[in-house]
There are 2 protein chains.
Amino acid sequence: MNNTVGETSLTLRDVAAAAGVSLATADRVVNGRPGVSAKTARKVHEAVERLGFRPLAAAAELARARSWRFAVMLPRGSNRFMMDIADNVRAQADWFRARRIGVEIIEVDVFDADGLAEALADLGGRFDGVAVVALDHPRIRAVIDDLVDGGMAVVTLVSDAPSSRRQHYVGIDNIAAGRTAGSLVGRFLGRQPAGGGNGKVGIVTGSAGLRDHAERRFGFGQVMAEEYPHLTLLTPLEGRDDAERNRELVRRMLSDTPDLVAIYNTGEGSVGIGDALAEAGLARTVLCVGHELTPATRRMLLDGTFAALVAQDPGHEARSMARVLHALVTGQEIVAAQERIRVQVILRDNLP
Amino acid sequence: MNNTVGETSLTLRDVAAAAGVSLATADRVVNGRPGVSAKTARKVHEAVERLGFRPLAAAAELARARSWRFAVMLPRGSNRFMMDIADNVRAQADWFRARRIGVEIIEVDVFDADGLAEALADLGGRFDGVAVVALDHPRIRAVIDDLVDGGMAVVTLVSDAPSSRRQHYVGIDNIAAGRTAGSLVGRFLGRQPAGGGNGKVGIVTGSAGLRDHAERRFGFGQVMAEEYPHLTLLTPLEGRDDAERNRELVRRMLSDTPDLVAIYNTGEGSVGIGDALAEAGLARTVLCVGHELTPATRRMLLDGTFAALVAQDPGHEARSMARVLHALVTGQEIVAAQERIRVQVILRDNLP
DNA sequence: CTGTTAGCGCCTTCAC
DNA sequence: GTGAAGGCGCTAACAG
């Protein structure tokens, strides 16, 4: 076991000397640029291995002397979580500037695939990289693939388009997130239902068409069916992530379902659910689990209206997006473990 | 709302010109070095503000042309979690090398305050920064303060020494971690005890003297007393984080306590608990919550022996330690949000 | 296919 | 207290 990490500075010049070639040739080999004979390349590679050379990132960055332009496409005028992402991107201004990266945040209407597709296509040529909250739609896939073909680095953010050739997805596994919510609901209710009856579980979702919400519902349903068959899932109600609509939906749900024991919200607008429960005097009686940490959900976690939240960290996502795009355009390696976005469980006790 | 982040390259030379001074003077002001009159400094600061200048990190790093030495002090021959930290430090070899940082991992006997103190004192002068799994002990505090006075950057890792003048703590809030474990146990058991009796909760801990374990027990006890008074906590048993000892303790606990409903392990060696329960045919009957994700706890989470784990991410901690030490020695800013180590809740469904 | 050379933006002597 | 000049390690023109 070697306990010393990171050796003393060894420069490309040393490698070139060891391989008996010029600096420029060594550089070409190390960076995989063309114009070097196989034999020479081998000599250089060997020297690199033998000496254990790693280029100094700072010198490479400085010498490259070029700047980058990234675009971040977020859903227009939407929910708090997306605003958090945007804020976290802005909070990285210094980080970007220190790397000569200019970032433009572009707002688009995500629900409209054609609009998103056009806005994306419009980016071609003007940017070196894009992060986009995607829709898994044939048109979107096609545009993403065109951009990638055009040499642009493309990462999807929060909502993936797995069928496209995007280089990376910055976001959580939404099926796992749904399963996690399911286990929390199931375990918190207890395996033996207390009240005698078997209990109904209501589901509030943003829109049946959004991939992330659909995946969460799927994961949630899986766990319920496998592990908690005594609980009955009600038909999901679509509130479009809007608190007001959610409140109306839950009001009706409460009057229609006397044996409602829990509610799971796959998206935003949880505060409407809390309000409806409070009106009915059922806060802390009906178990609630939702997604994402916002001022509203934090408050409802603290006052017990929500028992738990399943969340992703917008700060981590914004930073990961920046690092990944930067690594992609500069040809650096991506540290997979660092960029894996965790499915977090937040209780009142581990609120950050 | 400004949607463009990170402007075009502006160099120190531009700032110097705008302020009507030389490059060297502008540099002195920007880096807070002495030898500049107040009036000149003001002119430069003003130009920096007006133009919105930020130094290019890569150029600064390259020009500084100096290397650093960091030491990482970990408990000797200890548990899996510490090995994970060490592995993650080694996995960053490239990151360190790219910044001219040499890292030495030093193993010490943590339980021995005098030995740790000596080993730490021994570092003076030989390193620019240290990360240490600390003991909150007067001697340790004194040595840390001496090192800091001597110009060394000191961060505590996993276990803090809050009374010292260490610049940063890389680790979780252990009271919050204990509270989180308490809420999980309480909620998973159900507010109304099912079996008629009120139920006993066993506690296995590493050593009463370790600050992190003590804090976890404290947080756990708080939640139990406040929220689940119907549950009775048994006296904590010390198994020194050893699986074999833990197995013995739990065997005895099971025969002494017929109405045992749950076990909380504040430390390592959870596998011994699982073994004892399996022998008694009580796995998945007695609820278990423990700490840290290892191959053993992962397996027991998957087979249902453990219901949940409260964890911290050793990869995040190793990277955070590296970034923080680097920022401290190079005088860069620390991104607090990025370095906050989260108290994670891991269920079978959100296993990474 | 290979080598030479002039910077990238900042920091650090050294001289004034 | 201030300025001039060289160099950090690598890249990208340009020659050869």
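The basis for the numbers below is simple: all heavy atoms, side chains too, and nothing from hydrogens, waters or symmetry mates. Lettering follows sequence order; numbering is per chain, from 1.
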Strand contacts (DNA chain C) in residues 28-42 of chain B, 4.0 angstrom heavy-atom criterion: B/N31, B/R33

Which donor-acceptor pairs under 3.5 Å do the side chains of residues 119-131 of chain B make with protein atoms, sequence neighbours left out?
residue, atom, partner, partner atom, Å
B/R126, NE, B/D122, O, 3.4
B/D128, OD1, B/R66, NH2, 3.1
B/D128, OD2, B/R69, N, 2.6

5' precedence on DNA chain D between B/A63 and B/L23 (nearest-nucleotide basis): B/L23

Qualifying residues under side chain to side chain contact (heavy atoms under 4.5 Å, CB included), relative to B/A63, sequence neighbours excluded: none

Considering all heavy atoms, the nearest B/T330-B/W68 contact: CG2-CZ2, 3.8 Å

Residue pairs fulfilling ring-ring contact (aromatic ring centres under 6.0 Å, His included) with at least one residue in residues 319-339 of chain B, sequence neighbours excluded: B/W95-B/H326

Rounded (10°) bend between the five-pair end axes of the helix from C/dC1-D/dG16 to C/dC16-D/dG1: 30°

A/A60: partners by side chain to side chain contact (heavy atoms under 4.5 Å, CB included), with sequence neighbours left out: A/R64

Partners meeting salt bridge (charged side-chain N to carboxylate O under 4.0 Å, His left out) with A/R139 (sequence neighbours left out): A/D114

Touch class at under 4.0 angstrom, heavy-atom based, for B/L62 against every strand present: base

Least distance between heavy atoms, A/N88 atom then A/A318 atom: CB-CB, 3.5 Å

Ionic contact status for B/E339 with B/R323, cut-off 4.0 Å: yes

Partner residues of B/A59 under the side chain to side chain contact (heavy atoms under 4.5 Å, CB included) criterion, sequence neighbours left out: A/L62, B/L56

Minimum heavy-atom distance B/M82-B/L74, with the two atoms named: O-CD1, 4.1 Å

Pairs touching residues 161-170 of chain A that satisfy side-chain hydrogen bond (donor to acceptor under 3.5 Å, both in side chains), sequence neighbours left out: A/D136-A/S163, A/D149-A/R165, A/D160-A/R166

Terminal contacting nucleotides, 5' and 3', DNA chain C versus chain B (heavy atom, 4.0 Å): C/dG9 to C/dT12

Contact nearer the 5' end of DNA chain D, comparing A/P55 with B/T25: B/T25

Show every donor-acceptor pair shorter than 3.5 Å between a side-chain atom in residues 38-53 of chain A and any protein atom, with sequence neighbours excluded, or say none if there are none.
residue, atom, partner, partner atom, Å
A/T40, OG1, A/S37, OG, 2.7
A/H45, ND1, A/A41, O, 3.3

Touch class at under 4.0 angstrom, heavy-atom based, for A/A60 against every strand present: sugar-phosphate

Donor on one side chain, acceptor on other, B/Q312 and B/R342, under 3.5 Å: no

Bounds of contact between DNA chain D and chain A, in 5' to 3' order, using a heavy-atom cut-off under 4.0 Å: D/dG9 to D/dA12

